[in-house]
Every structure is written in C-alpha cells, then in structure tokens.
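The model shown is predicted, which means the values in this text are computed figures rather than measured ones.
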Number of protein chains: 2
Amino acid sequence: MSKKTQKRDAEASKQLIITYAKSLFSEKGYAQASMDELAQRCGLNKAMVFYYFKNKKGLYEAVMREVLIEIQQAITEENKTHSKPIDELEGFIRTYARYACEHPYLPALLLKELSDSGAVFPEMLFTSMRQLFALFTDILKRGEAKGCFHDAVPMILYFMVIGTLNLLVTTKPLRLKAAALEDIDLDTCAECDIEEIADYIIAKIKQMLKEPQ
Amino acid sequence: MSKKTQKRDAEASKQLIITYAKSLFSEKGYAQASMDELAQRCGLNKAMVFYYFKNKKGLYEAVMREVLIEIQQAITEENKTHSKPIDELEGFIRTYARYACEHPYLPALLLKELSDSGAVFPEMLFTSMRQLFALFTDILKRGEAKGCFHDAVPMILYFMVIGTLNLLVTTKPLRLKAAALEDIDLDTCAECDIEEIADYIIAKIKQMLKEPQ
DNA sequence: CCTTACTAATTAACCGGTTAGTTAATTATA
DNA sequence: TATAATTAACTAACCGGTTAATTAGTAAGG
C-alpha cells in the first residue's frame, strides 16, 4: 500500500496544518487567526491542531521556525558563492527580495511581529533575525576594512533594505488600487517587478556607501 | 458651574475614550484591543464607547483619523517654511521622525495596517497616506526639474524613509534587548536618539539623489 | 491467511472564558 | 421637566482548548 492512498498520514496532516497556518497567520495576524477556520481550510478536525502542536502558540512557533529557517538558509547559502563584500551585499539584498516576493507571508508575518515588538513569540524570531543582521553587519564591516564601503550604520541600512522590501511586497494590492485612481497622477510602482526594485535598491545602497565628498 | 467641575461632559468623555483607545490599539492591535479593558482604563462604562462611536470599527476609524490628521498637518505646516526642494525633503523626513518618536502609536498602527493591506479600515488611511506620498513625490519632482535631484523613484524612496523610521521606533525595546546580549558584538543603535537617526537618513537620502557618476 | 490485540490518527461534542454589542433603567443638567 | 449622559446587567457568538469515544493501520500468533 503506497503512502499516497493512505487515509491516515500523520506527517502529511501536520504539514497540511503548517501550510494553511502559514497563510492564515500572514493574512490575519496571530490574534485574528481562528483555529476553527484553520481546521476548516485544512479539511481536518480542529482537535488535530492541538494534537500535533499542543496549543495555538506552539503552532505559531512551528510556522515561524519554518519560515525563518527557509529565508536564513537561502541567504546564507547564496552568500557563500561570493567573495567580495560588494557582491555579498548585492546577493543579500537580491536573495531577500526574491524570497519575500515568492513567499509573501514572510513580510506580512515579519511586519506584524516587529510592529508588536515580538509580543507573540519573540525568542526564535529574535535569534533568527539577529543572525541575519549579524551577517549583514559583517559584510559591511569587511567592506569598510577593505576601503570599499564608507560611513555605514548597519542597523539603519538593514532596516532600509528589509523595511523597504517588506513594505513593497505587502502593499502591492494597495499600490495597484492607488494607481487606478486618477485624481492625482502618482507613480506607485504598481507594475514594477521585484527584480527592478531590487536593482534600484542595490544601486542606491551602493551609492550611499560611496565615499562622501 | 465651570466645565472642569462638571460630572458630565460629553466632549471630555469622547476625547478620553479616543486618547486611551489610541494607546490601547497601538499596544495590542485591533483584534486584541478589548473594549472592556478600554472602558476600565478610561474609568467609564463600556456602553459609553458604543454610545459615542457606534461600534469598535467606528472607534478605530476615529482614532486613525485623529492620528493621521495630526501627522499630515504637522508635515504640511512645516513644509510651508521652506522654499528649496532640498530643505523641504529634509523637513519632511525630520518632522516625520520627530512625530513618530513622540507619538510611537503612529508607527505601530501604520505598520500593522500596512502589513494587512489595510484590512481593518482602509479608505481613510489610504487617502491620508496617499496625500503624504503625493507631497513627497512633488518635492522630488520639483527637485529633479531644478536639477538638484537625480534618478528618484518616489515610491521606493518614500518607503525607505517611513519604513526605516517606523521600524526604528517600534523595535526600540527589541534593539535594547539585543544590545544587552554579549555572544555577538552588534551595534543595534539602541542608544541612538531620533535626531541622530534622522540626520543619518537625511544625509544618505541626499547622497542617493546626487548625480550618479 | 485470518484473527486478535495494540497503537496512532481522527472525530464530535462539549467547556469555561471572553468578546462585541444591547437594553432598560437611572441620574444629572439646562 | 425634558433631554442627554451614564450605568448595571444582560445576550449571543466565538474563542482556545479538552475529552471520551471511534476508526484505521500494523504486527504478532495461530
């Protein structure tokens, strides 16, 4: 009997719950995500959620772990393919941009968490974000030591990069709506794709790191 | 009988509710803000909230209106004191930074709303944000016309400014915590004051708008 | 190959607590 | 006294979480 025709598959059910929880939490946020609705979306009984994840917080933890490990691995792996700080910086930004665009629950979850100062589940998010920030800082510091970067304040630059990208991803529907209005002529980058955006941010961050005249 | 000794004052009660609602919504977010708790903080009966604002959404609308009108007026007024685009840009950023720092409920509410794509109360937030963005765009366009700015993409720059400032304000407690850890040596700008941060962002935005070599 | 016994996965029904919102009565003020 | 402000008590719905019972898969024993 192959696994596919099994009516009961713990691992599959567990993954199903995480998959739907990922989108539910990113749509509604922690508090507004209902376990009843989640079970309905999964086509499973609500008790299964608590059977596998103990409680709502436990599920949220599992979701965040998966999301953050994914992005962290993607960036760390990509980083190994470069040797010059300037290429590393470009790779960092581009990888984050692509990942955030392909997995839009990441920016949504991150912004919600950060606007709460990590009210729901701080420790792991905190550690993971801190490691990403440590890598970013390291790239800038090495660049400064080699003389190719100047006047870098890693914390502010880090937020410039991920803050901008997160907002551009989450506000896409809003920006499309704004572009459709015709009372004021505004360019909301509604049609820009993520590569163009990443290119612009990379160019501007590089320009910011040039020697000030 | 002076108004101060009155036991009943509709306007005062209404304003009291908005004041406490402002901090409650920014602390807990829309869903987790309880009307019972709000009434308790105000020292009023819960029914008063519904008497004056009809329902929770109505109260939230009133709160957002006040918050957004405040920041919009602050920036618009300040803007009138300048004539050169470069000073206007600097004024815009500095005014937003100061206001966000003095009224930290603004960044918290804004980030929550934007990460939801305006799920709770879109229209007014949308209009207000759009007007601020229109002013920002206008400053950049006039600067480009005069030849003092180059290669500006207003939407991305706008998010760079307000995204970075919002994150720096809301993550202050998180950054203090991170700075206290000693396993990795990281500068999280935990002790930076808002003026230093604004100075840095202004300098870097100006550098980004210089002619690319 | 079939039965039995055990375990893991799944379900329906339920629980206490909390929530937004209502209502009818009461109090203060003009 | 008329009206606006205020209150206590209430409701209906929903929430996270539990429980006891049931079902499906699995491995051993005859």
Residues in side chain to side chain contact (heavy atoms under 4.5 Å, CB included) contact with B:Ala31, at least two apart in sequence or another chain | A:Ala31, A:Gln32
Close residues, residues 44-54 of chain A, relative to DNA chain D [heavy-atom separation under 4.0 Å] = A:Lys46, A:Ala47, A:Phe50
Does a side-chain N-to-carboxylate-O contact under 4.0 Å join B:Lys22 and B:Glu70?
-> yes
D:dC14 C1' sits how many Å from A:Gln32 CD, rounded?
-> 13 Å
In whole angstrom, what separates A:Leu59's CG from D:dC15's P?
-> 15 Å
Return the angle between end axes of the helix from C:dC1-D:dG30 to C:dA30-D:dT1, with five pairs used per end and rounding to 10°.
-> 10°
Nearest-Å distance for atom pair CG/P, residues A:Asp36 and C:dA12 | 13 Å
Distance below 4.0 Å between A:Ser34 side-chain N/O and D:dC14 OP1 or OP2 = no
Look at B:Ser13 and D:dT6 and indicate whether a side-chain polar atom (N or O) is within less than 4.0 Å of OP1 or OP2.
-> yes
Select base, sugar-phosphate, or nothing to describe what A:Ala33 touches, counting heavy atoms under 4.0 Å on all strands.
-> sugar-phosphate
Mind calculating the distance between CD (A:Glu37) and C1' (D:dA13) to the nearest angstrom?
-> 15 Å
Test A:Ile139 against A:Asn79 for side-chain contact (heavy atoms from CB on, under 4.5 Å), laying out the working first.
-> CA-CA 10 Å; A:Ile139 294 171; A:Asn79 186 255; 3.7 Å; yes
Heavy atoms of B:Ile18 and B:Val63 approach each other most closely as O-CG2, 4.1 Å
Value in whole Å for how far the P atom of C:dT19 lies from CG of B:Asn55 = 17 Å
Just how far, in rounded Å, is C1' of D:dT18 from NZ of A:Lys56?
-> 17 Å
Between A:Met64 and the options A:Leu106, A:Leu59, A:Leu125, the side chain to side chain contact (heavy atoms under 4.5 Å, CB included) test singles out A:Leu125
side-chain contact (heavy atoms from CB on, under 4.5 Å) assessment of B:Ile69 paired with B:Ser128 = CA-CA 8 Å; B:Ile69 284 181; B:Ser128 215; 5.6 Å; no
Check ion pair B:Glu37-B:Arg41 (N to O, under 4.0 angstrom) | yes
In whole angstrom, give the distance that lies between atom CE of A:Met35 and atom P of D:dG16.
-> 5 Å
Side chain A:Lys204, main chain B:Met208, donor-acceptor under 3.5 Å | yes
Measure from CD on B:Glu11 to P on D:dA4 and round the result to the nearest Å.
-> 15 Å
Flag this pair as yes if the NZ/CZ of B:Lys112 is under 6.0 angstrom from the six-membered ring centre of B:Tyr30 and inside a 45 degree cone about the axis; otherwise no.
-> no
